[in-house]
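Some notes on the structure that comes next.
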Amino acid sequence: MRKKVLVAMSGGVDSSVAAALLKEQGYDVTGVTLKLFSNEDIGIERSRTCCSLTDIEDARSVAFRFGISHHVFNFGEQFREQVIDRFARSYMFGQTPNPCIDCNRYIKFSELLERAMMFDMDYIATGHYARIELDRNTGRYLLKKALDASKDQSYVLFGLTQEQLKRTLFPLGSLNKSEVRRLAEERELVNAKKPDSQDICFVKDGDYAAFLENTMKLVSPPGNFIDSAGKVLGIHKGIIRYTIGQRKGLGLSFGSPKYVVRKDIENNTVVLGDESEIYSDSMTVKDLNLISVKAVTRPTAAAVKMRYGQKEALAVLYPLGNGKIMVRFDKPQRAVAAGQAAVFYNGDTVIGGGTIE
RNA sequence: UGGGAUAUAGUGUAAUGGUAACACACUAGACUUUGACUCUGGUAUUGUAGGUUCGAGCCCUGCUAUCCCAG
């Protein structure tokens, strides 16, 4: 009996090649493209998002070529609630969200997986660059970095549970991006040369502040820029437009570069300071999801990533006993922002992660 | 009103009389399935009108503006 796999096909190269490979490996493959929002809803028309009409057509075209049946699931409502609303709320609280992680956690690997189970599938698969392995000693499924370190996406997948990992396949985990493109070209996929996706998929031109204000109707009034001593330095354009460590777009000029050090929602002020003021030597992480271990019960050395595409920082994890972990860095880290994800690694293996408090 | 000082890109500064530099801001791009950071490039004929000089931001004169001290 061939294993049944539901492949999430965004219309990009990666997931297309993933689907093709699974098919070639003998799986019973079904393709699905998630419709997460309507461009009309968010006021955009662009081809580089993950769910425009042309993306759906690209996915369908690839599926057709390989004799894979293809469906479109409308997850607009879930995406709205679990990703876009969270994103907006986070900014309103003065935090810095990572919608891609929420999308993986709440949409792709929960809503989609649920559907797959309903349809009696054995697995779901995506084009993510990461690897899953079963640890025979502990019986736990491990999430590991992709072999292509430059494309590794384990960071955005740290929220996966054991149940989800058990049911997931990442066919690209051991491939290089260039190999994937080559495989796509060999198979003459329509999207072989399609550019990589980037920026927030539901935000036009990367201008998330405009999205929050215009589409989400968030109101973020102007307030004061102050220094750490409380001295007023100027007027800011709404607190949602700033994030910790930000330098550009302040609209102010001093003798040296100034960065956002802190945001004070209560007083609607943004604190600016010199580069030296944006380093932290520790942070607290909440909403933990642990993968390689069941629990962190004693101080543990780890490499920690606080943002996608950043090399990890060496640190020690201290369990706080209340479901949180205190991370003490070996060297102070720049611009640690509340709301961002912190992911702990032991070599190539993801220990787990959580949200920076 | 009298005396003094200064006027260089959005801001703050630099430039032995020889064809405008630096930082911040702004902007374009690179990087990037988050926000940032970072990197590369772009952006002024020097308040104004004349004069001296082969040549002036730099010297001289008028005007204008601003600042300071006197009242």
Side-chain angles (χ1 to χ4, degrees), chain A residues 8 10-15 18 34 36 46 48-51 55 79 83-84 86-88 90-109 126-130 146 149-159 170 172 177 194-203 205-212 225 233-234 236-237 239-263 270 272 274-275 277-280 305-311 313 333-343 353 355-356:
Chain A
S10 66
V13 228
D14 292 333
S15 55
L34 308 183
L36 302 176
R46 84 179 219 184
R48 287 166 77 178
T49 68
C50 52
C51 19
D55 289 322
F79 190 76
V83 180
I84 299 183
R86 270 173 204 282
F87 178 74
S90 177
Y91 266 110
M92 283 310 273
F93 285 127
Q95 307 208 313
T96 307
N98 185 330
C100 294
I101 286 178
D102 287 338
C103 181
N104 285 329
R105 175 167 17 187
Y106 299 111
I107 306 295
K108 292 176 191 153
F109 295 94
T126 69
H128 282 108
Y129 288 84
S150 69
K151 294 303 293 183
D152 171 53
Q153 292 175 313
S154 57
Y155 174 79
V156 292
L157 299 167
F158 83 90
F170 293 139
L172 307 187
K177 182 73 187 196
K194 197 167 173 179
D196 288 5
S197 63
Q198 52 187 236
D199 294 336
I200 304 174
C201 69
F202 54 89
V203 170
D205 297 330
D207 190 349
Y208 73 86
F211 170 80
L212 291 174
F225 277 127
L233 302 174
H236 73 238
K237 293 182 288 210
I239 209 159
I240 60 167
R241 311 187 86 92
Y242 308 95
T243 187
I244 308 302
Q246 181 172 331
R247 170 180 175 180
K248 298 283 181 184
L250 302 181
L252 294 176
S253 168
F254 304 93
S256 62
K258 294 294 177 193
Y259 300 84
V260 174
V261 175
R262 197 154 43 76
K263 301 203 284 182
V270 175
L272 303 182
D274 292 321
E275 188 180 12
E277 295 181 62
I278 61 174
Y279 284 83
S280 317
K305 230 169 151 175
M306 278 84 66
R307 54 177 67 75
Y308 186 80
Q310 172 213 40
K311 70 174 190 212
Q333 295 300 305
R334 182 191 183 104
V336 174
Q340 290 279 286
V343 179
T355 305
I356 299 171

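Hydrogens, waters and symmetry mates are skipped; everything else that's a heavy atom, side chains included, is used. Chain letters run A, B, ... following the sequence lines, proteins first, then strands; residues in each count from 1.
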Given the [atom1] atoms of [N] and [M], what is the spacing between them in whole Å?
N      : M      : atom1 : result
B/rC26 : B/rU66 : C1'   : 26 Å
B/rA23 : B/rU19 : C1'   : 24 Å
B/rA56 : B/rG3  : P     : 32 Å
B/rA25 : B/rA44 : C1'   : 15 Å
B/rU38 : B/rG50 : P     : 46 Å
B/rC63 : B/rA7  : C1'   : 14 Å
B/rU46 : B/rC58 : P     : 9 Å
B/rU11 : B/rG29 : C1'   : 25 Å

Can you tell me the distance, in whole Å, between the [atom1] atom of [X] and the [atom2] atom of [N]?
X      : N      : atom1 : atom2 : result
A/N98  : B/rU32 : CG    : P     : 16 Å
A/Y129 : B/rU32 : OH    : P     : 12 Å
A/L252 : B/rA23 : CG    : P     : 19 Å
A/K237 : B/rA25 : NZ    : P     : 12 Å
A/L212 : B/rU34 : CG    : C1'   : 13 Å

Just to verify, what does [X] make a salt bridge (charged side-chain N to carboxylate O under 4.0 Å, His left out) with, not counting sequence neighbours?
X      : value
A/R86  : none
A/K237 : none
A/E277 : none

Requested in this report: Could you check A/L250 against A/G127 and say which one's nearest nucleotide on RNA chain B is further toward the 5' end?
Outcome: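 Between the two, 5'-proximity favours A/L250.
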Query raised in the report: What residues form a side chain to side chain contact (heavy atoms under 4.5 Å, CB included) with A/R262, not counting sequence neighbours?
Result: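 If we apply the side chain to side chain contact (heavy atoms under 4.5 Å, CB included) test to A/R262, skipping adjacent residues, the hits are A/V271.
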Report summary line: Per-nucleotide protein contact along nucleotides 35-41 of chain B, 5' to 3', at a 4.0 Å heavy-atom cut-off (B base, S sugar-phosphate only, - neither), is BBSS---
Query raised in the report: Which stems, defined as runs of 3 or more consecutive Watson-Crick or G-U wobble pairs with both pairing distances under 3.5 Å, involve RNA chain B?
Result: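 B:1-7 with B:64-70, B:10-13 with B:21-24, B:26-30 with B:38-42, B:47-51 with B:59-63 - these are the stems of 3 or more pairs that involve RNA chain B.
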Query raised in the report: Who are the ring pair (Phe, Tyr, Trp, His ring centres under 6.0 Å) partners of A/Y259, not counting sequence neighbours?
Result: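 Result, ring pair (Phe, Tyr, Trp, His ring centres under 6.0 Å) vs A/Y259: none returned.
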Which donor-acceptor pairs under 3.5 Å do side chains of residues 98-105 of chain A form with protein atoms, sequence neighbours excluded?
from, atom 1, to, atom 2, distance (Å)
A/N98, OD1, A/C100, N, 3.2
A/N98, OD1, A/I101, N, 3.4
A/N104, OD1, A/K108, NZ, 3.4
A/N104, ND2, A/C100, O, 3.3
A/N104, ND2, A/V156, O, 2.9

Report task. Show your working on side-chain contact (heavy atoms from CB on, under 4.5 Å) between A/V270 and A/Q246 and close with a plain yes or no. Result -> CA-CA 11 Å; A/V270 175; A/Q246 181 172 331; over 6 Å; no
Query raised in the report: Base of B/rC26 relative to its sugar, syn (within 90° of 0) or anti?
Result: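 Here the answer is anti: the torsion falls beyond 90° from 0.
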Query raised in the report: Taking it one step at a time, do A/L272 and A/Y242 satisfy side-chain contact (heavy atoms from CB on, under 4.5 Å)?
Result: CA-CA 11 Å; A/L272 303 182; A/Y242 308 95; over 6 Å; no
Query - Qualifying salt bridge (charged side-chain N to carboxylate O under 4.0 Å, His left out) pairs with a residue from residues 244-258 of chain A, counting only residues at least two apart or across chains - result: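 Checked against salt bridge (charged side-chain N to carboxylate O under 4.0 Å, His left out) - neighbours excluded - the pairs reaching residues 244-258 of chain A are A/K258-A/D274.
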Requested in this report: Go through the steps to decide whether A/I200 and A/F211 satisfy the test side-chain contact (heavy atoms from CB on, under 4.5 Å), and finish with yes or no.
Outcome: CA-CA 11 Å; A/I200 304 174; A/F211 170 80; over 6 Å; no
